[in-house]
Amino acid sequence: MGLITPLLAWALLGLAVGAAAEPAGRHVVYLSQNNYPSLLYINSAHGTASMDHRADTSDIIQLILHPSNPEAKQTRRAAVVLTGEAQGTLTLTQSNPPVGPTVIEGVISNLSPGLHGFHIHQLGDLTGGCVSAGGHYNPYMRPHGSPEDRERHVGDLGNILADATGRAEVNITDPLVTLVGPRTVLGRAVVVHAGEDDLGDGGNDESLKTGNAGGRVACGVIGHA
Ligand SMILES: *[C@@H]1O[C@H](CO)[C@@H](O)[C@H](O)[C@H]1NC(C)=O
Ligand SMILES: [Cu+2]
Ligand SMILES: [Zn+2]
């Protein structure tokens, strides 16, 4: 319980400066921001923290301001238009913000038959094509993994399966993807890969970074809908 006092101090500091601070070598505290009157909850967040290269299995704590105004609890929606060698549209729906899962639904066509890595990448910058989207969205600085793993990038949504005609139906419910707060995926990009994501089980360094999913065959920015 000695953790609670520094947490509240960080919460107050975060409120005072209006930003989520991330002190190096300390427990990372995320403070969700919104413009509504709020109730403060403290949730255990995803991942573990390390200090001074010593293993420290303390949980990262996330401070979430749950709006007390019912309007702010309304369902949030986003949309993505995927372009490239493959094309498609996706909708993202979060029916219980700021926590609660986000449902990602849609259809993608002109893929090669089989499995394709499917991720949220860090940047919504597609000025140089899909490569400008950067690496997997990884705000908690974890290794690459499967969507079922506790240790994973937030952007790790696994694989989608294209049928013999190259058509993939997407219907993913993910607990970490959010459309509100400092870790929102709005403004970032969905990327579909040429090959299968090995989900971190490839036995090499790249597996723990990218899942060896190969080139980028489609991408699109996640926008408000
Ligand atoms: C996705 O799955 C949910 C739950 O099984 C279902 O209600 C929904 O209709 C599905 N969406 C699509 C586009 O098939
Ligand atoms: Cu990717
Ligand atoms: Zn990843």
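One-based numbering, in listed order, for ligands and for the atoms of each. Index from 1, following the sequence.
H144 has its closest N, O or S atom to the Zn ion (ligand 3) at the position named ND1. Nearest N, O or S atom of H153 to the Zn ion (ligand 3): atom ND1. Of all N/O/S atoms in H136, ND1 sits nearest the Zn ion (ligand 3).
The NE2 atom of H119 sits 7.5 Å away from the CG atom of L157 when rounded to the nearest 0.5 Å. Taking CD of Q122 as the reference point, atom CZ of R188 lies at 6.0 Å (rounded to 0.5 Å). If you take NE2 on H153 and CG on L176, they are separated by 12.0 Å, rounding to the nearest 0.5 Å. Taken to the nearest 0.5 Å, the CG atom of L111 stands 11.0 Å off from the CZ atom of R167. Here the straight-line distance linking atom CD1 of I222 with atom CD1 of I104 works out to 7.0 Å at 0.5 Å rounding. To the nearest 0.5 Å, atom CG of residue N204 and atom NZ of residue K209 are 9.5 Å apart.
Angle NE2 (H193) to the Cu ion (ligand 2) to ND1 (H119): 100°, rounded to 10°.
Protein heavy atom nearest atom 11 (N) of ligand 1, with residue, atom name and distance: E105 OE2, 2.6 Å. Protein heavy atom in closest approach to atom 5 (O) of ligand 1: N171 ND2, 4.8 Å.
When distances from atom 7 (O) of ligand 1 to the protein are checked, no heavy atom turns up under 4.0 Å. Protein heavy atoms are found inside the 4.0 Å sphere centred on atom 1 (C) of ligand 1.
P147 approaches D174 most closely through the heavy-atom pair CB-OD1, 4.3 Å.
Taking backbone and side chain together, H119 holds no N, O or S atom under 2.8 Å from the Zn ion (ligand 3). Backbone or side-chain N, O or S atoms of D156 reach the Zn ion (ligand 3) at under 2.8 Å.
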